[in-house]
Amino acid sequence: MTYWLMKSEPDCYSIDDLKRDKVEHWDGTRNYQVRNMMRDQMEVGDLAIFYHSNAKTETGCVGIMKVHSKAYPDPTQFDPQSEHPDPKSDPDNPRWLCVDMKYVEHLPRLVSLAEIKLDPAFATMPLVMRGNRLSVFPIKKIHFDRICKLATQEQ
DNA sequence: GCCAACGTTGGC
DNA sequence: GCCAACGTTGGC
């Protein structure tokens, strides 16, 4: 079982949207590393932290969700009306993949990026390491558990 | 809005 | 294969 952290801009799609939808495809990723990880490492039932990036209020971890499908071709790559159409992608050999994600729960409180940066326990988590810009990446269980634990405590 | 740090593209 | 130019991400 792999644990993940997945970023989304709340203005675009938030944890509240996922709660309303219950299950939604996590589409629009256009990065080969992310595609390969979704294809090769992501398993149905894996748990993921829902992370709000570029948030007007506060950036950080807001909820938990579960991988609900294997990776499959992202339909938005062939839709000219979508945010990220890719005219070079071959329908017979699609370039981009997505997965379905299922809402599990909101964290009791937001665990902010600032808080995570201050905590030495997260020093080796890709989120705070220099240069990491992936929107989806695996995290260690200890980091997943610690985020959940911090969310149950006063800041 | 700024900017650092990456990723991608395409000419050569 | 190199690398300049450009695009994107995402914190601040």
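When reading the values below, keep in mind they use all heavy atoms of this one structure, side chains included, and skip hydrogens, waters and symmetry mates.
Between the CD atom of A/Glu9 and the P atom of C/dT9 there is a distance of 8 Å, rounded to whole Å. Put simply, OH on A/Tyr32 is 11 Å from C1' on B/dT9, counting in whole angstrom units. Between the P atom of C/dC12 and the CD1 atom of A/Ile116 lies a distance of 12 Å, rounded to the nearest Å. The CZ atom of A/Arg30 sits 12 Å away from the P atom of C/dT8 (whole-angstrom rounding). Atom CG of A/Leu127 is separated from atom P of C/dG10 by 10 Å (rounded to the nearest Å). For A/Arg130 and B/dC6, the CZ to C1' distance is 10 Å, given to the nearest whole Å. For the pair A/Trp96 CH2 and C/dT8 C1', the interatomic distance rounds to 12 Å; values are reported in whole Å. Atom NZ of A/Lys117 is separated from atom C1' of C/dG11 by 6 Å (rounded to the nearest Å).
A donor and an acceptor atom, one from each side chain of A/Asp100 and A/Tyr72, are located under 3.5 Å apart. Neither side chain, A/Thr29 nor A/Asn31, offers a donor N or O lying under 3.5 Å from an acceptor on the other. No side-chain donor-acceptor contact under 3.5 Å links A/Gln41 and A/Thr2.
If you check B/dT9, C/dT8, C/dG11 against the side chain of A/Arg95, the one that comes closest is B/dT9. For A/Asn31, taking side-chain heavy atoms from C-beta onward, the closest of the listed nucleotides B/dG7, B/dT9, C/dG11 is B/dG7. Out of C/dG10, C/dG11, B/dG10, the shortest distance to the side chain of A/Tyr51 is found at C/dG11.
Across all strands, A/Gln33 comes closer than 4.0 Å only to sugar-phosphate atoms, never to a base (heavy-atom distances).
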Verify side-chain hydrogen bond (donor to acceptor under 3.5 Å, both in side chains) between A/Asp21 and A/Tyr13, making sure each step is shown before the conclusion. CA-CA 11 Å; A/Asp21 297 337; A/Tyr13 195 79; 2.6 Å; yes

Under the salt bridge (Lys or Arg N to Asp or Glu O under 4.0 Å) rule, what do A/Asp46 and A/Lys66 come out as? Steps first, then yes or no, please. CA-CA 6 Å; A/Asp46 283 356; A/Lys66 188 181 279 193; over 6 Å; no

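Between A/Lys7 and C/dT9 there is no side-chain N or O to OP1 or OP2 distance below 4.0 Å.
Both A/Lys88 and A/Asn54 lie close to DNA chain B; mapped to their nearest nucleotides by heavy-atom distance, the more 5′-ward contact belongs to A/Asn54.
A donor N or O paired with an acceptor N or O is found under 3.5 Å between the base of C/dT8 and the side-chain atoms of A/Arg133.
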